[in-house]
Amino acid sequence: MTTTSALDTLRALHRDGGLARHFDRVAPLLAALDRADLARAARLLARTDLADARAHHPGLPAVTVALTGAGTLDALRTALVAELARHGFLPEVRLTDYGSYVFELGDVASTPHTGSADVTVCVLDHTTVFDEVPLPFTAEDVADTLRRKLALWRALATGFTARTSGTLVLNTLPLPRNQQAQLLDLPSRAKLGAEWRRANAELLELSHAQETPGLVVLDVDPLLGDPLELADPRFDAYAGAHLSDAFLASYARELGHLVRAVTGRAKKVLAVDLDETLWGGVLGDDGVEGIEVAHGRRGEAFHRFQGVVRQLQSQGVLLAAVTKNDRDTVLAALRDHPDLRVREEHFVRVLAGWHPKPDSLRDLAAGLNLGGDSVVFADDNPAECAAVTAELPETTVVPLDGDPALHVTRLLADGWFTATAVTSEDRVRTRRYREEAARADFLSAAGSARDFLAGLGVTVRLAPATAAQIPRLAQLTLRTNQFNLTTERLSAEEVRARATGPGTGVLALTSGDRFGDNGVVGALFLRAEGRVLHLDNMLLSCRVFARGIEQACLAAVLERARAAGYAEVRGRYRPTAKNAKVADLYPHHGFDLLPRDGDGRRGRQGSAATEFAHRLDRLPEVPGHLVLDAAEDLVPAVDEPAAPADATALTT
């Protein structure tokens, strides 16, 4: 019998009201169906009076299954009725109240659904964990919640199996990508994955624990391979292709996110529309109290999206609002709405007005001293998305579906903010940029750049990198593009090797001023070669440009090099599309251009680099408007020591 004819027969029986009377014919008909038609047949059986079927066929084997869990299980009930009938059972599938699994398993005497069932299935899913983690969360938060949940599930399973004769079924927890993707750094994702797998392993071990003899734990990982087959058996056997094309395509997608992170191309700014994006409704029409934020038919979807946006922001993504709205009304909503999960202080900029959104995004990038390619723009309006795509092709546009339930998936689908690490600096990045806005206001009031710098109170600390600073310094090599003399990208392990290796050194630059502590904002990479000290790279965050910090650092390194007995200090500049502003850094501070070598290349480290040398005669001075604290041990020891020249102490 073909699947079509079998389904047609079932439909005819249903139309005639005969499925209950002829239930003894159902099993072979279901067995002939493919998966798609079995799903259609399941919907027919869901509308059949199975109590009537049991009355007509008392000899058919009956089975009672209770379904409980933390979510909606109607679809499981429908599918399970068909699957049990396909295997010849006359089923009764009881569905408990939504989210009642703790009560159902913990108080069997008062829960007839589960207490008398042959099989009780408690469906565990990721929400049973993530609904109880804080916002924002870390991998450690999830691990703590998992430990508490495992203790609960173990106690429930032990008590239930001791009090009933039926079988209890639990399952391992699938980890959705949308949850993992909210942790931006790869080590945190790895820790989350390890903790999640450890919890699943403990669940599976309960299946053969002495205290839970009636428990079965289903491993759902193999089920996840059904829609996306891990391997094609034929290609595996005959061509050695052990992974399917579909799986490899998904793997390649994830690799693309990773490569973008390790090559310094992770996005830095999430610019979001507000109406129908961050909340439901139109603020100008509905007012602060009328927008959909957390309640109602769509409010929960917007609430979840706000939580994801807040989660990203907590890990260093700069959050901006770009909206066509009255600014005062927007700020009132961000400050006053009781259920909103993102507040004014979480935004680095709020651009509310009536300008075209491409213009607002240009202003946003310029104000943050970032390129347009650092920005991801998310909007539900197709016309606005099209305008930004046309006018700002370098900006990434995420068109959000009209259904807010899909906002999270669409935002996280391409891992735009995936990072190799999230540092302590990242977690306060928004505050740093808001302090920078205060500096800009101070500059506007100062009247001149000289007055601005004199009143800013800049302090600079330059010292060998500590172990705790290594991840941040590696991140600077990945993320800094404008003030980056060679754009050499380094992992944390590579930075650590240079910081501790013989004849090399890494200097960390921290700064602050009257508005706050800027944290680690720069790095210098040094290498000794005889009596020549190589400045292999110098980096400075765009947040502290034009404050004389680079001059102070060069002055410190050159002075320490002369005192240590070096004959000269050499630095390289390798031009890129973004670092033209530092092309003249070395000449401006007394370095001379080295002649081309014998093969016509300028400098000694590759055709793309220009090399400069400072003879340590006339040293640049530390700018008078800042205070420099430079460690004594800034430079590696000279391989061929000579009598050091007299050195003038630096201002401290």
Side-chain angles (χ1 to χ4, degrees), residues 50-51 54 60-81 83-85 87-133 142-175 194-224:
L50 295 180
R54 285 190 289 275
L60 287 178
V63 65
T64 302
V65 179
L67 298 180
T68 190
T72 301
L73 300 175
D74 298 86
L76 178 59
R77 179 187 182 280
T78 299
L80 185 58
V81 167
E83 287 293 340
L84 293 173
H87 288 287
F89 290 104
L90 211 167
E92 177 185 0
V93 179
R94 304 168 180 168
L95 191 60
T96 68
D97 292 337
Y98 178 88
S100 62
Y101 79 93
V102 174
F103 174 67
E104 294 286 347
L105 299 186
D107 190 6
V108 176
S110 61
T111 52
H113 291 108
T114 55
S116 60
D118 299 305
V119 178
T120 296
V121 180
C122 178
V123 181
L124 303 177
D125 61 54
H126 62 284
T127 66
T128 61
V129 176
F130 281 99
D131 280 354
E132 296 187 20
V133 301
V142 178
D144 289 341
T145 305
L146 280 169
R147 282 190 284 272
R148 294 195 303 272
K149 287 296 187 179
L150 281 168
L152 170 65
W153 297 330
R154 184 180 293 107
L156 288 174
T158 301
F160 186 90
T161 55
R163 293 191 296 269
T164 65
S165 59
T167 297
L168 174 63
V169 178
L170 302 179
N171 58 268
T172 57
L173 295 164
L175 176 61
E195 295 291 347
W196 202 267
R197 288 167 176 80
R198 190 173 294 115
N200 278 334
E202 289 190 36
L203 273 172
L204 290 169
E205 288 170 359
L206 286 177
S207 285
H208 48 80
Q210 291 183 352
E211 65 269 26
T212 51
L215 175 66
V216 174
V217 179
L218 290 179
D219 186 355
V220 300
D221 276 357
L223 306 182
L224 299 176

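Taking 4.5 Å as the limit, some side-chain heavy atom of Leu146 sits within range of a side-chain heavy atom of Leu173. At least one side-chain heavy atom of Leu105 sits less than 4.5 Å from a side-chain heavy atom of Leu168. Between His87 and Pro61 the shortest side-chain heavy-atom distance does not fall below 4.5 Å. Looking at heavy atoms from C-beta onward, Val129 lies in side-chain contact with Trp196 at the 4.5 angstrom threshold. Taking 4.5 Å as the limit, every side-chain heavy atom of Thr167 sits out of range of all side-chain heavy atoms of Asp118. In this structure, the side chains of Leu175 and Asn200 stay at 4.5 Å or more apart for every pair of heavy atoms. At a threshold of 4.5 Å between non-hydrogen side-chain atoms, the residues Glu92 and Leu50 do not count as touching.
A donor-acceptor pair under 3.5 Å links the side-chain atoms of Arg163 to the main chain of Gly106, judged by distance alone. The backbone N or O of Leu206 lies less than 3.5 Å from a partner atom in the side chain of Thr212, making a donor-acceptor pair. Remark: the backbone N or O of Thr161 is not paired with any side-chain donor or acceptor of Thr164 at under 3.5 angstrom. Between the side chain of Thr96 and the backbone N or O of Leu67, at least one donor-acceptor pair lies under 3.5 Å.
Taking each heavy atom of Val133 and Thr145 in turn, the nearest pair found is CG1-OG1, 3.4 Å. Listed here is the closest heavy atom pair of Cys122 and Leu170: CB-CD2, 3.5 Å. When all heavy atoms of Val65 and Leu84 are compared, the closest pair comes out as CG2-CD1, 4.1 Å. Here the closest non-hydrogen pair linking Ala157 and Leu215 is CB-CD2, 4.1 Å. In plain terms, the two heavy atoms of Leu203 and Thr172 that are nearest each other are CD1-CA, 4.1 Å. Heavy atoms only, all atoms of each residue included: Val93 and Val81 are closest at CG2-CG2, 3.7 Å.
Taken to the nearest 0.5 Å, the OH atom of Tyr101 stands 6.0 Å off from the CH2 atom of Trp153. Of the inter-residue distances, the one linking Lys149 atom NZ with Leu152 atom CG reads 6.0 Å to the nearest 0.5 angstrom. Thr68 contributes atom OG1, which lies 7.5 Å from atom CG of Leu73 (distance to the nearest 0.5 angstrom).
Under the 4.0 Å criterion applied to side-chain N and carboxylate O atoms, Glu202 and Arg154 are assigned as salt-bridge partners. The residues Asp144 and Arg147 are annotated as salt-bridged, a charged nitrogen and a carboxylate oxygen being separated by less than 4.0 angstrom.
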Stepwise, does the side-chain contact (heavy atoms from CB on, under 4.5 Å) test hold for Asp97 with Phe103? CA-CA 10 Å; Asp97 292 337; Phe103 174 67; over 6 Å; no

* To do: Would you sort out whether Thr127 and Asp125 count as a side-chain hydrogen bond (donor to acceptor under 3.5 Å, both in side chains), showing the intermediate values?
  => CA-CA 6 Å; Thr127 66; Asp125 61 54; 2.4 Å; yes

